[in-house]
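What follows is a set of notes on a single structure, which appears directly below.
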Number of protein chains: 2
Amino acid sequence: MNAPHFSTKERILGAAETLFARHGFAGASLRQVTAAANVNLAAVNYHFGSKDNLIEEVFRRRLDELNVRRIEALNAALAVDAPKLDEVLAAFIRPALDLSLDEAGGHAFMRVLARAYAEHDERLRRFLSDNYGHVLREFAAAFTRLLPHLGKEELYWRLDFITGALTHSMADFGPMKRRGTVSEEAHRERAAEHLIRFATAGLVAP
Amino acid sequence: MNAPHFSTKERILGAAETLFARHGFAGASLRQVTAAANVNLAAVNYHFGSKDNLIEEVFRRRLDELNVRRIEALNAALAVDAPKLDEVLAAFIRPALDLSLDEAGGHAFMRVLARAYAEHDERLRRFLSDNYGHVLREFAAAFTRLLPHLGKEELYWRLDFITGALTHSMADFGPMKRRGTVSEEAHRERAAEHLIRFATAGLVAP
DNA sequence: GTACGATTCAAACGCTTGTTTGACCCGGCC
DNA sequence: GGCCGGGTCAAACAAGCGTTTGAATCGTAC
């Protein structure tokens, strides 16, 4: 499943991402993961300590990069004289899209992320909020300046809606079946355009 | 956990809903479910046949009513001379809100529903699309008449975004922590108002 | 009362789970 | 050479899983 020139750790992470996306954290067993990664069962506990740690590492690997890219894109969008709302929004949305297009398991990761939102596990939630929260706050600050008529509460609600819509559509749960004639790439590109248009309008609503 | 005057079947369904929401379908065991329901372990297989059937039944119980209420609300919104967009939208959103406010496990059910979207299980997806699809199509038809400038693809994308935002916020994953001073009821009521305002603006975007 | 179907129960079934163990392999260093 | 330590391996561990079984219990109709 994974090219042999990847390290054992990387092969496990890749296989785990795919299988967690497909069957959930509890639903995918370490035996499935290690078999898919062409690795001995004990390798997971040797390299990661436990299944829970493996789950965290699957998140960390992707989220670290996603956060960096979002912050970079945000700073770029804010560097001009008159920052535009749809470009700040794109700074939030496009890095996630790019990730979901990533050669390897990026698409799978978006489904893993959606699962994480559904998990009520306290440890996982704290981990995500610790690694995720400050990015959301920076975006919120930028939006506050661009949309001064919006109250803090109203703004946070709308960002929450956008997060839900983004995750939902990137993980392609919904009824929007990709047509056979449209490449996966083009399909997601279109999703981003649609979402930015939709969310921009939603944000500027009175 | 459940009042003794409920039947064994009902107690199992209630406990299963809560525990599936909390730990996922694979993560919640029948032993946990039957213990929470104060019922013998074998009762699940006696009354439902299997764990998979129990999962389906958890969905059927809530979705049947949700669909009926949505269709009723839609028809009511369309019965006037000039149907309004935000009222059609409310017909989609409010029944889900009401369900999530339901005395018993309605709130838990919204989280179960979010999990179902994340499941890639073919059987479950088919079951949901069979029981859910026609309602979405009816709403799409109503929106098409109200928003003739929107192409079919654009409309379906936007409905998908709304579904994602609705599920995400109703299951309260996001950073929007309910304040201690605001009742759960008021909190969700406000969510519905915000979402309707946000989604209406998003739908009428060019 | 007794017979009957529906329901509940404790116990066990075979199987899979995450984790641990101790032997083994192999490259670099003394 | 010998040695060491990081890595891999097959095997086993106890615990938990969904499901099945057969006996015990219930309410009801005869």
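To find a chain, count down the sequence lines: A is the first, B the second, and so on, and within it residues start at 1.
In this structure B:Arg70 satisfies the salt bridge (Lys or Arg N to Asp or Glu O under 4.0 Å) test with no other residue, sequence neighbours excluded. Taking B:Phe127 as the reference, nothing meets the ring-ring contact (aromatic ring centres under 6.0 Å, His included) condition, with sequence neighbours excluded. Residues passing the side chain to side chain donor-acceptor pair (under 3.5 Å) test with B:Glu138, sequence neighbours excluded: none. With sequence neighbours excluded, the residues forming a salt bridge (Lys or Arg N to Asp or Glu O under 4.0 Å) with B:Glu154 are A:Arg197, B:Arg158, listed by chain and number. Residues forming a salt bridge (Lys or Arg N to Asp or Glu O under 4.0 Å) with B:Glu87 (at least two apart in sequence, or on another chain): none. For the salt bridge (Lys or Arg N to Asp or Glu O under 4.0 Å) test, no residue two or more places apart in sequence or in another chain qualifies with A:Arg137. Scanning for side chain to side chain contact (heavy atoms under 4.5 Å, CB included) contacts around A:Val68 gives A:Glu72, with sequence neighbours left out.
Residue pairs meeting the salt bridge (charged side-chain N to carboxylate O under 4.0 Å, His left out) criterion with at least one member in residues 32-59 of chain B, sequence neighbours excluded, are B:Glu56-B:Arg60, B:Glu56-B:Arg123, B:Glu57-B:Arg60.
Following rounding to the nearest Å, B:Gln32 (CD) and D:dA15 (P) show an atom-to-atom distance of 17 Å. Per the geometry, CD1 belonging to A:Ile55 stands 14 Å off C1' belonging to C:dT17, to the nearest Å. We find that NZ of B:Lys9 is positioned 14 Å from P of C:dA6, with the value rounded to whole Å. Between the P atom of D:dG16 and the CG atom of A:Leu30 lies a distance of 17 Å, rounded to the nearest Å. Atom CD1 of A:Ile12 and atom C1' of C:dT19 are 14 Å apart (whole Å). Rounded to an integer number of Å, the gap from B:His23 NE2 to C:dT17 P is 20 Å.
Both B:Ala42 and A:Leu41 lie near DNA chain C, and the one whose nearest nucleotide falls closer to the 5' end is B:Ala42.
The pair A:Arg111-A:Glu17 does not meet the salt-bridge criterion, since no charged nitrogen lies less than 4.0 angstrom from a carboxylate oxygen.
Taking all atoms of both residues into account, the shortest heavy-atom contact from A:Ala91 to A:Leu74 is CB-N, 3.6 Å.
In this structure, B:Thr8 reaches the C:dT8 phosphate: one of its side-chain N or O atoms is under 4.0 Å from OP1 or OP2. Within the 4.0 Å cut-off from OP1 or OP2 of D:dA10, at least one side-chain nitrogen or oxygen of A:Asn40 is found. Contact check, B:Ser29 against D:dG16: no side-chain N or O comes under 4.0 Å of OP1 or OP2.
For DNA chain D, the residues of residues 44-54 of chain B within the heavy-atom distance limit of 4.0 Å (strictly under) are B:Asn45, B:Ser50, B:Lys51, sorted by number.
A:Asn53 places a side-chain N or O within donor-acceptor distance of the main-chain N or O of A:Phe48, the cut-off being under 3.5 Å. The closest donor-acceptor contact from the side chain of A:Glu193 to the backbone of A:Arg190 lies at 3.5 Å or more, if one exists at all. Between the side chain of A:Arg69 and the backbone N or O of A:Pro95, no donor-acceptor pair lies under 3.5 Å.
For the helix from C:dG1-D:dC30 to C:dC30-D:dG1, the end axes, each set by the C1' atoms of five terminal pairs, are bent relative to each other by 20° (nearest 10°).
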List, with names and distances, any nitrogen or oxygen atoms from the protein found under 3.5 Å away from nitrogen or oxygen atoms belonging to nucleotides 23-26 of chain D.
none

Expected rows: protein N/O vs nucleotides 24-26 of chain C N/O, under 3.5 Å:
none

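Aromatic ring pairs are classed by plane angle as parallel below 30°, tilted from 30° to 60° and perpendicular above 60°; the pair A:Phe59 and A:Phe109 is perpendicular.
With hydrogens and angles ignored, no donor-acceptor pair closer than 3.5 Å exists between the side chain of B:Arg31 and the base of D:dG16.
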